[in-house]
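Here is the structure we will look at, set down as C-alpha cells.
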Amino acid sequence: MYENKGIKFNVVDYRDPETGKLHRFVTTLPMTINPGTIAMLYFKRWTIEKTFNNTNPSSSLSSF
C-alpha cells in the first residue's frame, strides 16, 4: 500500500493470460480483491467511459 497526500492506494499488476501483456492498475480497492477481478472491473469502466465520450463529443470537463 502506498500513500500520497493522504490518499492510500495500491498498485496491482495483472498479466493477461491470452496475450501475455502486463497491465498495471492504481486503485483504492482492497488488496484482497483478485488482480483478474480488478482488471475486469477497469475494463468494464473504460468501456462505459469510452461509450459515453463517443456519444457526447461536445461534452468536456471544462464545462463543469
Side-chain angles (χ1 to χ4, degrees):
M1 178 167 292
Y2 299 91
E3 186 171 344
N4 187 16
K5 298 181 181 179
I7 299 173
K8 294 179 182 178
F9 61 93
N10 299 308
V11 177
V12 178
D13 289 338
Y14 171 74
R15 186 168 303 276
D16 186 321
E18 292 182 11
T19 65
K21 186 174 179 181
L22 179 66
H23 301 273
R24 182 164 285 160
F25 303 96
V26 176
T27 182
T28 57
L29 293 171
M31 290 296 292
T32 55
I33 297 178
N34 180 301
T37 301
I38 291 173
M40 179 192 64
L41 291 170
Y42 273 83
F43 173 77
K44 288 182 177 191
R45 176 183 173 172
W46 291 328
T47 302
I48 292 168
E49 288 183 12
K50 287 190 327 189
T51 300
F52 179 77
N53 287 338
N54 290 338
T55 59
N56 294 302
S58 62
S59 297
S60 71
L61 291 177
S62 62
S63 64
F64 287 100

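In this structure, Tyr42 and Phe25 have tilted ring planes: the angle between them lies in the 30° to 60° band.
Considering only residues two or more places apart in sequence or on other chains, Phe43 meets the side chain to side chain contact (heavy atoms under 4.5 Å, CB included) condition with Thr47. Judged as a salt bridge (charged side-chain N to carboxylate O under 4.0 Å, His left out), and not counting sequence neighbours, Asp16 has no contacts. Thr37 is linked by a side-chain hydrogen bond (donor to acceptor under 3.5 Å, both in side chains) to nothing, counting only residues two or more places apart in sequence or in another chain. Partners of Asp13 according to the side-chain hydrogen bond (donor to acceptor under 3.5 Å, both in side chains) rule, which considers only residues two or more places apart in sequence or in another chain, are Arg24.
Sorted by first then second residue, the salt bridge (Lys or Arg N to Asp or Glu O under 4.0 Å) pairs that include residues 29-52, not counting sequence neighbours, are Arg45-Glu49.
The line from CD1 of Ile38 to CG of Asn10 is 7.5 Å long, rounded to the nearest 0.5 Å. The distance from the CG atom of Leu29 to the CG atom of Leu41 is 7.0 Å, given to the nearest 0.5 Å.
Taking all atoms of both residues into account, the shortest heavy-atom contact from Tyr14 to Gly36 is CE1-CA, 3.5 Å.
Cluster partners of Leu22: none. The rule joins Ile, Leu, Val, Met, Phe, Trp and Tyr whenever side-chain heavy atoms lie under 4.5 Å apart, and it links nothing here.
Val12 and Trp46 fall within a single hydrophobic cluster, where Ile, Leu, Val, Met, Phe, Trp and Tyr are joined by side-chain heavy atoms under 4.5 Å apart, directly or via other members.
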